[in-house]
Structure formats: C-alpha cells, structure tokens
Undergrad: 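The following block contains the structure, expressed as structure tokens.
Chain identifiers are assigned alphabetically (A, B, ...) following the order of the sequence lines, protein sequences preceding nucleic acid strands; residue numbering begins at 1 within each chain.
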Amino acid sequence: MSLEIAVLAAGAAYAGGVFLYEEPEGLNGHLRPGHLVLVPFGRGERPEPGVVWRRLAGKPSEGRGPDEEERGVRPRRRVIRLLDEEPVLDPMRLEWAAWLSRTYLAPLSECLRLMIPAGLIPRREPVYERCAPEGARGGLEHAVAVSFAEQVLLAALAEGPLAHSEVHAILRDFPLAERQRALRRLLERGWIRRSWRIREGRPPTLRMIRLKEEGILQALREGGIRLGRRGEIVARRRRLLERLQEAGRPLPADWLQAETGCTPADLRQLTRWGIIEPVERPIWEAADPYPVPEEPPPLTSDQALAWRAIERALKVGRFHAFLLHGITGSGKTELYLQAVAETLRRGKGALILVPELALTPQTARRFEARFPGQVAVWTGGMSPAQERAIWERIRRRQARVVVGTRSALFVPVPDLGLIVIDEAHDPSYKQDLRPEIPYRIPAYHAVDAAMALARALEAVVILGTATPSIELRYQAEHGLLEELRLPRRFLGYRPRLAAQARHFGASLEGFVETEAEALTSGLPPVEVVDMRQELKAGNTGIFSRALERALDQVLRRGQQAILFLNRRGAAPFVFCRDCGHLMRCSQCDLPLAEHLHPTRWVCHHCGAVEPPVARCPHCGSRRLKGMGIGTQAVEEAVRRRWPAARVLRWDLDTAPTRAAHALIWRRFADGEADVLIGTQVLTKGLDLPLVTLVGVILADVGLGLPDFRAAERTFQLLIQVAGRAGRGLFGGRVIFQTYRPDHPAVAAAARYDLDGFYRGEVAFRKAHGYPPFARLVRLLYWHAEAERAREAAERLGEALRHHLMAKGAPPSAMIGPAPCYFSRLRGLYRWHILLRGPDPVAWLRDFPLPPEWRVDVDPLEVL
DNA sequence: AAAAGGCCAGTG
DNA sequence: ACTGGCCTTTTC
C-alpha cells in the first residue's frame, strides 16, 4: 500500500508537489485523504508536512502510471507520523484544491499549503550523534587534521546526542562559519550522524484569569485595600475585578485586557498580591465571555426586500450567489448579520471576508456583539500559536463565525453554509505575485475561489459592494449572480436621530422616512470643477475657488471635511529645471517623489529613501524642483490657508500599521480634527457622520496608466470617496477637481451613474476583446540582468507561439513578449506575455512552462 | 527552498 | 591532499 502525499515544503512544488510514500507500520490502513502527516523529504530527509492525497491500490501492478515505470523501482520512504487524528481537510476541500491547481496553473501542493496554517506544523530540529567508531572512515587516531572545534564537538557528543541549538551553544566561542565547518566535516567523514527531532506541540491553551479572593470587591468598597497609586490604574484594575466577579468564572486574559484596558503588568501585580490567578485551559473549553447578544434591529423596506431573497436561498440550502449592490451606508452589514444568524440557526458555519486594510477589528466587533463568543478573527500576521488556537476553535465548532481577510477563505470551517465577501470589488482579494515569493503560488481571486468552494459545499455566497466590478455586473446580467439592490442610505431611526438633531442643532427635514421611523437619504451631490478654467482665471493653487468656499463654510460651521488625493508625499516628481532630467529610483526606474520634514526622495514602489542631491546628475544644475502635488502638499496648503483648522493626514506615511490606521480613524471620528487629508486608505474606514464635505483634489490620478481597468478603478475610487460625505444629519456635498471633466470615469462618477458607466465600459471591453468578453493570462518573468530577462522572454515567446499555432489559436491570442510597463522594479527587469481567449489556461495545460515563470490568471492589472 | 554533490582555483 | 567558494541538481 502506498500513499500519494502532497508535500508542503517549498521545494516540493518544483517537482509537481505530489510524492509516493509508504504507510508507517503502526497506522496500517488508517491514513485517509486529508490527513496531515510528516514525511522525510529531499536529500536531507528533513521532516516536512504533507497532506495525504490518495491511497493507491496495494498491488504493484495496479496504480502505477507509466511515468513511474520509467522512474524505476526505488525504495519508498515511510511516513514519519500522523500529526492530527482527524483529517485536516475534507473531501470537498481536497477537490477544491485540485480546482485551484487546475484553474490557476499552480502545483497542487501550493494550493493545499494555503489551507494549512504554519501553526499546525511542529517545530523540527536537527540532532547530531556520534556514530559507532567502526562506522567512521578511519578512527580519530588516523585523522590528518581535526580542528579544535571538531575536537570539542566530538568530546561533547561522546556524552550523548545533541540538538542543533545545543551544538551551537557548546561551540559558542567559535565563529559561526567555524561551527558549520566542523559539523559538515564530521558528517562528511561519517563520524557523526544527523537525525531530526520533532518538538511535540502542546495542544493550544488559553490563558484565563480566575478571581482568587472572592471578598475583594467588598473589601475595596470598605476602603481597606488600594489597587495602585494612580487613579487611572486603580480604575482599570477595579474594572477587571468587577468583570470577573460578574462572570463568576475564569475569563480569557487577552479578552479581559482588551475589555478593561489592563496591561500584562496589571495582571502580574494582581497575581502577586494573590487577588487573581492565571489558569491554562484548552482553547476549545474557553468559556464564553459575553453573556448577552445584541438584539437585531428591524430591517428597512429595502433591506427586507433583499432579505427575503437571501433567506429563501439559505432555507433551500443549495448553492446560490448574490451580488448585494448597496450604496455606502445602505445597511449591507445588517443583512450580513441576519444571514449569519439564519446560517447558525441551521447549524452551519459562516465566513465573512473583509478587505485587507479595512478596520477588521471594528468589523469583527459588530459580529461579536451579535454572536457573542462564536466569532473567530482570522487575519494575516498572526503568530503560529495564535493561528493554531483559532484554527482549533473553528474546527471544534466552538467558533462558528469567522471574520477575516483573504486568507480566511482557506480556514476549514465545518459545515460552511455562508460566505460573505464585503467590498467584493476590492483588489486585496486577489493574491498578487511577487518575485520574493518562491515558485508558482496560485494567483487566486477570493471571489472566484469562494464561488467554487460554495458550489462544492452547496453554500450561499453574498458579494457586497457599492461599486461592483464590470465582471460582477456582467455575471449578474447573465444570471450567474442574483443582484439585490439597496438604493438608499439608511441614517437611523427617528427617535435616536431626533435626539441627535437636538444635540447638534440640526433638523430632520429633507430625509425620507421609508417606513417604521427609518430615515434614509440620497447620495451627496457632486460638483465637478474644471481646473483648466481655474488656471485661466489665474488660480494656480491646489484649491479651486469652489472648494475653498466650501471648506471655509464647513470650518465655520464646525463640521468635518475629507480631502482626497491618491498620492503620498509633497510632490510626485522631481525635475531638473535646466535639462528636464527626472530623478528616478535606482532600483525601480520609477520617478522619485519628494517628501518633506525632513526633505527626502522616496520611491513609492520599493520604499527606498534617498537623501536629496544638490546637483542634477545629468547636467550639474542646482535647480532641482519637486513638481505636482501629493497629500503632504495638500496638508501644508490647508495649514497655510486655514491656520486654525485641525488637520490629520491619513496615508501610508502617517499610518504604517493596522493599529495606526485604527488610531487615525478613531481620532477623526472623535472630532479631534476638522480636516482629514488622505489617499485611498481612507475609503476603507467606517462611518464618519460629521463629514459634510469631500473634496477630491485631483480626480484624474491614475487615468493615464495604460491598463484596461484604469478607468474602472478611478470610477470606483471616486464613488467610494464621494460616499464618505453626508452620512449624517447635516447632509453633505462633494467636489471633484479635475483636468478631464469629460472623461467617462469622472463624469459618470459625478452623476453616480453606475449603469451608464457600465454600459460604456462593456462596449469598450467588447470592442477590444477584454474581460468579460475574453479571459486573460499574464505570464511574468523577472531577472536582475536585462539581457537574461529579454532572452528568457523571447525564448518562451517563440515556444509558445508554436504551441498556440499547433492548438489552432489565432495569432491575436498572444500579446508580447514585451517589457512590462513598469519595466524594472526592485532591481529586477520585468517581461511579460499576455494570452487572451475564451480559456487561455487550457492552452497552457500541456505546455511545459518553466517554473520560474509566474502565471497570473485573470490579472487585475497588466502593468 | 534547501540540501547535497560536483568542479576548480588556491594553499601548504 | 584538502579547503572554500561557486555552481548545478534533485526532491517519491
């Protein structure tokens, strides 16, 4: 009996990923597809994780492909051990992995690797031991040269085997190279042997806190005990104790900290005083910290209409996919929540995907409030231990609702009944290909992958967005998705709004009451300002007269404004005024942008920061000048023109981390600033009800790029940004400044004319044979030497041309090879070949594509 | 990717 | 002889 095992080691993919192994003795007949095992792999026999793919029939005559005959008989290695009694992947997900592999032309092992978080794999460490003296080629006494390090090591190994880390500790007085040399030489000569030790992973536990002194709160009240010196510290420690008392049972430490503001130091101190006590519990036994779920509000009539369709699909329990097309603020999330509730009632699990830079914790909190204790958050950047803990909670059905980013799609939620993809148009749902990621990972799109999974599982999919992509709308038009519309923004219910209105001195006039005291509003009106006219009128500033007046008014009224410009820094280009030379990144051949405070030149692709030079490298002139504007220039201009205004900037410079994003959003939402200036990161935040003005400083950024989706991206961005205004009682207005007021993306966005833009774009795509009328595959190659990149691309192009001809594909099916538009990034020259046709992947299936070529199926951009 | 094997110039 | 450095090969 042998087993086909997909080996998840990086290198396995180079050889197809699936290998034959023998079943270990102790487990005869036990291993099934989907089981996670460790197998020896490669020349070093390093234990690597693998997923059992198939059992092959026992007879050697059967189940042997012709290629195996060619390879000849070779003693197969044996599976080292089973890592988890239960298969980690069910048959449906194995089938799905095969689909991913076929669809994205990626090795099966790389597709399965997406579904196995690193936290499930135990740590492995080499162990060295002295061989029996007979085994060695010549005894110590015959040695010609034995270095001092080798002698020390041999002496230590005489006492018994040593782990890798122990060897390095013993040899710590020798330089690293010397230690490695000693190990290699002794191994080569057969004096020592290497094997592998697998560090037993302990089942994940959760640190919980137990209240030790029951009477502590009583004592506190009577004033006998002090919990600390400063009031703030005392307050949060008291909050912690109250929570524990209320619950009457241990609560998770991290949850307590988040909830009460206590720090690990607080917990240590209280433990030292004997007031509380940490206890470790298996993760799946963790008690539910939230006792009372929040009540769902009544639905508005728009929501109710959409809900009937969703509810029906959930009740039928077959595959069904919705495009929930709802403008910003129309109440999509409430529908997600109700859909999750219905899914849970049916005993199934739910998955909610959110875009990468979204404020995931805030979104997750809304779900946690409704489904207390049942929500797991899955984002990138977790530690292996966290991954393992959350994964176990999900698998053991402790958490039935998973909220997360793209990678959460691959968490095996048992009995998955619903997949929600919020902001489904967001580009972060597409796995991008980067040169530093080895080999060919599947360039999947979470929407397509989710649809395939849902089909296999008979689950329901909801794709929510205010700006559906052309492809999604096209699919909806052709019956592949059911489109549901939420055309009005939901403000809130009359009683609460009335109270707010009194507080802010606003009025509820002009809002539409759809039913049951639910007030809705339309989208804020957009004014397009032609900046060429401003120039003619002698206004060379950043702000048009209209925007200036509008900002004046907003600041006078104490409301908030957002200024949007999709460019960081002070100036996107630095030119020499004498010879016109453009400063470029040495690694990327992209223009350097000027940033201020301190003045520096930054490459917006690779992030390289260069100190500004005084003289033009081309002509030696000292007259170098930043041209154009970025968010930093807008900030300076606002500060100059409105010195009293409180300004916040939100872009990658001011918010490098997720926490920083949340902080800026929080500060602005709390009214700590009047004007928020930012790039597209600010389209992803949540509700900001006091914003009454959105100014787009330059709407045409990005329209000049030679990419067939450039117009669509700009259109979506403008709609999203406009949607940030007027989400509260004061209404709102939007101003687009542009040099191209007639461009369809700008003009249609200003009218919120999604249908008009869609029709125009579809006609364009049809005329030029772009998706959805054809599919694209982009083959990418990169290399540090320009010549080698060109050669490789031309060689492959030649081979592909012949292959396509033999397949009967038209000559127009292949575009290129050609250098990419961004021809050099991070020091690598980039070439690509585009394939275009009804199913270009099919042409490649029997084509021997060298592994260093990356395949981007359905690329989002072709730059 | 990572380990192992092969090749070759430099060293005592 | 024996290194160390650099490349190629292989992964069941």
Undergrad: Rounded to the Å, how far apart are A:H164 NE2 and B:dA3 C1'?
TA: 13 Å
Undergrad: State yes or no: are the ring centers of A:W96 and A:F410 separated by less than 6.0 Å?
TA: yes
Undergrad: Is there a side-chain contact between A:R43 and the phosphate of B:dA1, meaning an N or O under 4.0 Å from OP1 or OP2?
TA: no
Undergrad: Checking all strands, does A:R194 fall into the base, sugar-phosphate, or nothing category for heavy-atom contacts under 4.0 angstrom?
TA: sugar-phosphate
Undergrad: Just compare C:dC12, C:dT11, C:dT3 and give me whichever is closest to any side-chain atom of A:A15.
TA: C:dT11
Undergrad: Picking from C:dC12, C:dT3, B:dA4, which would you name as closest to the side chain of A:R181?
TA: C:dT3
Undergrad: Look at A:R778 together with A:D856 and state whether they make a salt bridge at an N to O cut-off of under 4.0 Å.
TA: no
Undergrad: Nearest whole angstrom, please: distance from the P of C:dC12 to the CZ of A:R78.
TA: 15 Å
Undergrad: With a 4.0 Å limit, can you tell me whether A:R77 has a side-chain N or O closer than that to the phosphate oxygens OP1/OP2 of C:dC12?
TA: yes
Undergrad: Any salt bridge linking A:K807 with A:D846? Criterion: basic side-chain nitrogen under 4.0 Å from a carboxylate oxygen.
TA: yes
Undergrad: Tell me which nucleotide among C:dC12, C:dT10, C:dT11 gets nearest to the side chain of A:Y14.
TA: C:dT11
Undergrad: When you measure from the side chain of A:A10, which nucleotide among B:dA1, C:dC12, B:dA3 comes out closest?
TA: B:dA1
Undergrad: Whole-Å distance between B:dA4 P and A:L186 CG?
TA: 14 Å
Undergrad: Salt bridge check: are A:E45 and A:R194 linked by an N-O gap of less than 4.0 Å?
TA: no
Undergrad: C:dC12 P sits how many Å from A:R54 CZ, rounded?
TA: 19 Å
Undergrad: Please classify the nucleic acid contact of A:G42 as base, sugar-phosphate, or nothing, using heavy-atom distances under 4.0 Å.
TA: sugar-phosphate
Undergrad: Choose from B:dA1, C:dT11, B:dA4 the nucleotide whose nearest atom is closest to any side-chain atom of A:F41.
TA: C:dT11
Undergrad: For a side-chain hydrogen bond (donor to acceptor under 3.5 Å, both in side chains) check, start with the C-alpha distance between A:E125 and A:S165, then their side-chain angles and the critical distance, and finish with the verdict.
TA: CA-CA 8 Å; A:E125 192 180 29; A:S165 50; 2.8 Å; yes
Undergrad: So if I take every side-chain heavy atom of A:R185 and compare against C:dG4, C:dT3, B:dA3, which nucleotide ends up nearest?
TA: C:dT3
